[in-house]
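Every chain is numbered from 1 and lettered A, B, ... according to where its sequence line falls, protein lines coming before strand lines.
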Amino acid sequence: MGGNSDMKLIDENGIRIDGRKVDELRPIKIEAGVLKSADGSAYVEIGKNKVLAAVYGPRECHPRHMQNPAKAIVQCKYNMISFSVSDRKRPGPDRRSVEISKLISEAMEYVVFTENYPRTSIDVYIEVLQANAGTRCAGLTAAAVALADAGIPMKDIVPAVAVGKVNDQVVLDLNKEEDNYGQADLPIAMIPRTGEVLLMQMDGHLTQAEFDKALEMGVKACHEIYELQKDALRRRYAIVNGETEEEPKEPAEDVNEEA
Amino acid sequence: MGGNSDMKLIDENGIRIDGRKVDELRPIKIEAGVLKSADGSAYVEIGKNKVLAAVYGPRECHPRHMQNPAKAIVQCKYNMISFSVSDRKRPGPDRRSVEISKLISEAMEYVVFTENYPRTSIDVYIEVLQANAGTRCAGLTAAAVALADAGIPMKDIVPAVAVGKVNDQVVLDLNKEEDNYGQADLPIAMIPRTGEVLLMQMDGHLTQAEFDKALEMGVKACHEIYELQKDALRRRYAIVNGETEEEPKEPAEDVNEEA
Amino acid sequence: MGGNSDMKLIDENGIRIDGRKVDELRPIKIEAGVLKSADGSAYVEIGKNKVLAAVYGPRECHPRHMQNPAKAIVQCKYNMISFSVSDRKRPGPDRRSVEISKLISEAMEYVVFTENYPRTSIDVYIEVLQANAGTRCAGLTAAAVALADAGIPMKDIVPAVAVGKVNDQVVLDLNKEEDNYGQADLPIAMIPRTGEVLLMQMDGHLTQAEFDKALEMGVKACHEIYELQKDALRRRYAIVNGETEEEPKEPAEDVNEEA
Amino acid sequence: MARSIVSEIKRDHIHKLIADGKRVDGRAWDQVREISVQTNVVETAEGSSRVKIGNTEVIVGVKMTVGEPFADTPNKGVLSTNAELIPMASPSFESGPPDENSIELARVVDRGIRESQMIDLEKLCIEPGKKVWINFVDIYVLDFDGNLFDACNLGAVTAIKSAIVPAKANGLGEDYPMPITCTPISVTSVQIENSILVDPTLDEEKVAAARLTVTTDDNGDLRAMQKGLSGALTLEQVKTAIETSRRLGIEIRKLIG
Amino acid sequence: MARSIVSEIKRDHIHKLIADGKRVDGRAWDQVREISVQTNVVETAEGSSRVKIGNTEVIVGVKMTVGEPFADTPNKGVLSTNAELIPMASPSFESGPPDENSIELARVVDRGIRESQMIDLEKLCIEPGKKVWINFVDIYVLDFDGNLFDACNLGAVTAIKSAIVPAKANGLGEDYPMPITCTPISVTSVQIENSILVDPTLDEEKVAAARLTVTTDDNGDLRAMQKGLSGALTLEQVKTAIETSRRLGIEIRKLIG
Amino acid sequence: MARSIVSEIKRDHIHKLIADGKRVDGRAWDQVREISVQTNVVETAEGSSRVKIGNTEVIVGVKMTVGEPFADTPNKGVLSTNAELIPMASPSFESGPPDENSIELARVVDRGIRESQMIDLEKLCIEPGKKVWINFVDIYVLDFDGNLFDACNLGAVTAIKSAIVPAKANGLGEDYPMPITCTPISVTSVQIENSILVDPTLDEEKVAAARLTVTTDDNGDLRAMQKGLSGALTLEQVKTAIETSRRLGIEIRKLIG
């Protein structure tokens with residue numbers, strides 16, 4: 001967090017530099033089943049973030065010593081492609097992406113019925129194609145849809161969003177400028193139905209009152225994203241058109257177009 | 001390729017800077033069985049190139065997951081030693097040598113009767129001691145002799161040579177200056193008897209007519225090198241002296257001297 | 001070795017810059033059983049050197065291909081922590097520590113009754129917390145005590161010390177300044193009882209007479225250190241107080257305090 | 001695993017079809033799958049492209065920074081091409097640094113661009129011997145169904161063509177388009193049972209004996225070639241593959257404009 | 001191995017105790033183990049500390065060198081935090097470069113220090129844009145019995161507080177103490193069977209479903225948080241963990257002075 | 001594998017011979033195998049040498065570049081010694097970065113050269129604190145039949161002696177020979193069944209309990225020593241090995257001129 005910057009990011013009418021209100025999400029687009037080789041996949045745009053997720057598995061777990069005889073392990077790998085950020089990022093994992101991968105893996109492990117697939121691995125690959133703050137939340141949101149697209153039994157779909165603090169105000173879903181010059185960042189992933197928190201990080205400066213407000217805003221936004229995730233899956237299986245028989249692993253004819 | 005350089009590399013009589021004609025090979029020296037520990041070995045000089053090749057195997061394949069239950073795998077590792085080039089090369093494989101190793105492995109796999117040795121590995125190590133353009137061809141030429149020296153059954157011995165383009169002329173077997181300031185490079189490995197191409201790369205600029213001429217020149221030169229390879233193996237087993245009984249794995253007394 | 005420096009490190013009365021005589025050791029403190037998780041451990045201070053050693057095993061040997069069906073392998077890893085030296089050392093092994101680890105492993109393998117534990121590994125971790133010349137000897141001295149603390153059967157405890165040459169004089173147990181500006185360094189580890197040499201390195205410049213003198217000085221000092229090692233183990237098991245029943249793996253209540 | 005019973009059946013099937021002059025997906029031997037190209041897909045890159053050839057999909061970005069030239073080409077910009085076979089794209093790809101397959105792939109694509117002098121690197125010199133534009137062409141394979149060489153070549157070429165030199169952000173005057181001299185196009189053929197097939201699918205690649213990638217320039221001249229796999233090609237097959245590449249290269253060049 | 005029969009018995013035992021509102025070592029749910037802190041333990045470091053929380057022990061050193069600032073913070077010193085889970089500390093730690101556990105650990109400790117602005121990094125600027133102090137905070141875990149986050153936070157904070165800027169040795173005037181603005185303290189809680197317990201031992205960590213580390217500053221405001229492990233926390237549990245961290249943070253701040 | 005049945009028989013055989021005061025190849029205990037040295041074998045190196053001791057063969061090259069001195073020796077050239085145990089040389093060598101064996105080997109050879117001050121590094125200073133000659137001594141083992149320490153020492157020493165400082169190509173005046181002050185020679189002995197044998201073959205090394213490498217200078221003074229393997233040496237054996245090294249060093253120095 002850049003700390004208390006003088007940069008004015010919210011105007012006197014409470015409108016942010018990209019025209020949003022403080023509790024407003026960026027435009028979101030979610031699409032399921034966008035890749036052919038993967039067992040499940042999803043594409044997510046949140047504002048200027050563009051993220052792909054692919055799922056392989058349950059499949060044999062390598063290396064073997066990582067196998068769990070009682071359940072599947074869920075291994076998520078979050079990665080930013082080299083040209084997804086202003087300064088070229090060298091390919092390969094850095095410390096930040098290792099940490100994020102770990103946290104997303106832990107969150108996803110909670111919702112997958114891992115006991116159904118002992119000794120296997122469920123591998124989720126998240127590639128950030130274009131980054132604009134909030135990529136870990138966008139990635140987790142995509143991963144959850146991709147897991148469902150792969151037909152893997154889950155307790156529920158998981159949405160994620162970051163709440164932050166900018167110009168001493170609590171605001172939802174920071175964009176890049178707000179993230180660079182903001183005062184706090186609080187990414188959250190949860191099961192909206194039960195209120196269970198699966199991912200939570202925070203850095204910056206929040207009083208207890210600010211934290212409470214941020215949490216409330218985040219919970220509300222997670223509900224919104226959750227509905228968009230379900231919409232994407234419904235479109236994928238054409239439930240809206242009554243074509244409920246369609247076999248999940250056969251993508252609709254035109255699904256690949258937009259991605 | 002340096003492209004169209006003004007540097008004059010061929011004189012009005014068609015003679016190159018090292019005195020050769022355009023379709024003339026550099027002096028070649030090939031010797032089989034030059035190392036004691038290896039199962040087979042060869043030393044090759046082509047002009048100022050000096051290359052050693054050693055073969056181990058067929059032997060147990062490590063790591064195991066690379067084993068093929070139906071046949072042996074052929075793993076060639078091409079390497080330039082650190083002081084084989086003008087600027088010291090850091091030890092360890094670079095991207096260029098990884099690519100060359102892959103291509104030589106693929107070429108050699110074709111000629112070895114790999115079905116005879118399931119689950120094993122045949123390992124070929126090529127070390128460039130002194131480099132002067134054409135080392136991949138010299139290395140492959142040495143590797144073929146070393147495989148034969150190791151007594152490994154093969155369809156045939158494989159020669160290799162590069163043809164190139166210099167001062168708008170197609171020329172055989174580029175030396176270092178010609179390679180640096182030349183316009184095209186076309187390394188070829190083949191079985192001269194059948195005309196089968198096992199390795200072919202090209203970079204630079206060739207018209208179809210130039211390519212056809214280069215190919216013809218390369219095929220002819222491969223025949224020449226092939227004879228030198230067979231000579232080396234004959235000397236190794238003293239066939240010329242009628243000592244045909246000699247056991248391949250016992251090198252002649254004085255064979256090590258010159259290498 | 002810095003070679004023949006003009007720096008005066010020994011005065012006319014034969015007294016060194018830290019007040020010692022030429023054949024005098026720095027103050028030594030040895031303590032056994034200082035860590036809870038390890039199977040055995042020791043803390044050693046020699047002058048300003050501070051070293052910890054921990055032992056795990058005999059335990060299953062990884063990777064498996066390193067297992068010896070006839071005996072245990074002894075793997076010592078010597079490491080300097082990043083802030084143990086004036087210029088921060090990047091974490092991870094450098095060439096120097098790889099060599100030292102190898103030599104300490106070889107020395108320790110000789111004294112451990114490895115035949116008792118086929119297929120296992122006995123792992124010794126030596127961490128230099130603060131370095132001031134002579135860390136490999138301090139580390140080996142600590143490792144030997146930690147192995148005994150772990151209850152691993154050994155031929156004997158092994159002490160180690162370095163002898164050196166400074167201002168053309170043979171001196172015992174070089175400190176950092178003497179090491180930087182000295183003329184020779186001769187680290188030795190041995191079994192004092194039998195006079196068997198387990199580790200010996202030398203660099204710098206020694207005549208035969210100097211070497212003989214250095215060796216004599218080193219042997220004598222090893223006897224001294226050996227007694228301190230045994231003292232530490234006696235204190236650890238409270239043999240001096242007649243409490244011989246005490247179970248080795250349960251550390252005395254206050255043993256952890258000082259470390 | 002690749003040689004499981006299922007794949008043996010598939011292999012036989014492909015072989016039989018080819019013996020009848022047919023392909024699994026009904027294409028002619030010299031017919032390329034449907035190609036789609038979308039450029040400027042990532043705005044954090046100076047140029048970018050997402051290309052599909054059949055079900056094979058790649059995304060390529062060009063990043064440009066100011067840096068030092070190589071000592072032996074003081075007045076030329078620098079080109080660096082990298083390919084990542086990320087595990088997203090195929091169950092057979094693994095995480096980790098580039099292996100021999102991705103290295104070969106990147107180097108063949110690089111040679112096509114470099115040897116055709118597609119980018120006028122002299123126009124990317126800012127101050128001879130001191131400052132030039134460094135071009136990182138990074139290729140990510142997103143979905144793998146065969147013929148990566150041509151998909152990556154096409155992705156790289158279209159991403160480069162779409163690139164804008166970020167002069168302004170670097171205090172070097174106005175932005176300008178990447179200086180381009182030609183459009184190198186690679187066409188890859190494989191040999192299966194002595195037939196030559198262009199643009200192989202993954203299933204065809206698995207049963208292929210040999211592969212030849214041929215990159216031509218706008219004049220149809222050869223700029224790069226690479227033979228691969230552990231089978232052999234006759235001289236006749238080499239010439240067929242070259243002739244096909246030249247012919248299809250013209251079509252593909254038209255397609256991408 | 002972690003799930004051997006013995007550990008299942010241990011697991012049941014811990015679960016049963018917790019159901020009765022008890023802990024294995026008799027502590028209250030919000031009671032931290034005995035803490036000992038020893039500073040200036042390594043004289044080759046600018047600052048150092050050896051900290052024990054129960055049987056968990058860490059040593060932390062701060063090394064300072066003169067170097068270049070980051071381009072986006074030209075007038076600030078640099079902070080680099082690293083944690084090493086060396087095999088000395090536990091049979092489950094392995095040699096090698098930092099794995100995901102030590103990376104997460106170092107980054108959470110780093111965020112507490114960085115986001116609380118504990119070190120006044122502007123006072124560690126020597127010449128804006130050119131020369132600043134680089135702070136390497138290196139954490140080595142020596143003995144592992146649970147709750148590394150808090151032990152490492154405490155080790156790092158006390159080592160930093162003890163540091164003396166080595167200006168003299170670098171020809172930059174007299175030495176002076178590290179410029180400190182506050183004391184960030186992390187307190188970690190775990191959720192086991194829907195109970196919240198602070199400062200878990202290794203055995204408790206092994207059976208815990210979720211973990212929450214909360215770092216507060218001198219005012220009790222939040223500066224960093226990290227939820228871990230593959231279980232969930234209710235919003236109520238999150239608030240309990242925060243409240244506990246704030247309260248215990250005050251006590252720990254007193255303890256270390 | 002090293003302990004197969006065949007090698008046990010070999011081991012017994014060697015032991016029995018030694019008990020009778022004999023060696024497998026008929027040499028006396030203090031007799032070195034036949035040595036051959038060929039210098040200037042690689043013209044791309046400033047100096048080079050190919051050395052055989054019996055069937056052990058190494059090639060060594062010296063490359064010199066202009067670079068910066070170390071901060072603590074501003075007026076001295078830099079020496080860097082590296083050894084590669086390439087898989088060409090032995091079925092037991094593996095590809096990859098230097099392992100503990102090649103690191104020990106390179107460091108022992110380096111110490112002999114460095115501590116004897118064989119190269120007058122002060123004469124390799126071009127501009128104090130700024131520019132000096134960097135010497136890379138790279139050792140490649142080509143064929144391995146025991147006693148690498150001495151073969152590599154001899155290869156490095158003869159390559160260094162043959163080196164010409166490439167001043168002209170670096171715009172620093174005329175080329176001149178490497179400034180040499182002495183010829184450090186190492187002689188290695190092993191202890192088998194309490195006998196000391198010099199210059200062990202691979203078979204002898206496999207059954208040896210301990211190894212001692214002793215490097216002497218032109219005066220017969222000690223410059224470097226290294227004890228290896230997990231056996232012990234008596235003080236008497238140490239002295240025998242030193243005495244032998246001194247004596248044979250004189251002979252070898254004559255041989256290489």
Keeping the roles fixed (side chain from [X], backbone from [Y]), state whether a donor-acceptor pair exists under 3.5 Å.
X        : Y       : answer
B:Gln130 : F:Glu43 : yes
F:Tyr140 : B:Ser82 : yes
B:Ser37  : F:Ala89 : yes
B:Tyr56  : F:Met88 : yes
B:Lys36  : F:Thr56 : no

Heavy-atom check, side chain of B:Phe83 versus side chain of F:Phe136, under 4.5 Å:
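Of all side-chain heavy-atom pairs linking F:Phe136 with B:Phe83, none is under 4.5 Å.
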Can you confirm whether F:Ser95 sits close enough to B:Lys77 that some side-chain heavy atom of one is under 4.5 Å from a side-chain heavy atom of the other?
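Result yes, sub-4.5 Å side-chain heavy-atom pair found.
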Out of curiosity, [X] [atom1] to [Y] [atom2], how far, rounded to the nearest 0.5 Å?
X       : Y       : atom1 : atom2 : result
B:Asn79 : F:Ile86 : CG    : CD1   : 7.0 Å
F:Arg50 : B:Lys50 : CZ    : NZ    : 8.5 Å
F:Thr44 : B:Met80 : OG1   : CE    : 9.0 Å
F:Ser90 : B:Leu35 : OG    : CG    : 12.0 Å

Under a 4.5 Å cutoff for heavy-atom pairs, which residue among F:Val62, F:Asp145, F:Leu142, F:Leu202 has the most contacts with chain B?
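Looking at each of F:Val62, F:Asp145, F:Leu142, F:Leu202 in turn, F:Leu142 comes out on top.
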[X], [atom1]: over 12 other non-hydrogen atoms inside 6.0 angstrom:
X        : atom1 : value
F:Glu127 : CD    : yes
F:Gln31  : CD    : yes
B:Lys230 : NZ    : yes

Under 4.5 Å heavy-atom distance to chain B, tell me which part of F:Thr65 shows up: side chain, backbone, both or neither.
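For F:Thr65, there is no contact with chain B at all, as no heavy atom is under 4.5 Å.
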Between B:Pro91, B:Ser41, B:Ala53, which has the largest tally of heavy atom pairs under 4.5 Å with chain F?
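Heavy-atom pairs under 4.5 Å are most numerous for B:Pro91.
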Should B:Asp87 and F:Lys63 be marked as a salt bridge (charged side-chain N to carboxylate O under 4.0 Å, His left out) after you check the CA-CA gap, both sets of side-chain angles, and the distance that decides it?
CA-CA 8 Å; B:Asp87 292 331; F:Lys63 293 288 279 184; over 6 Å; no
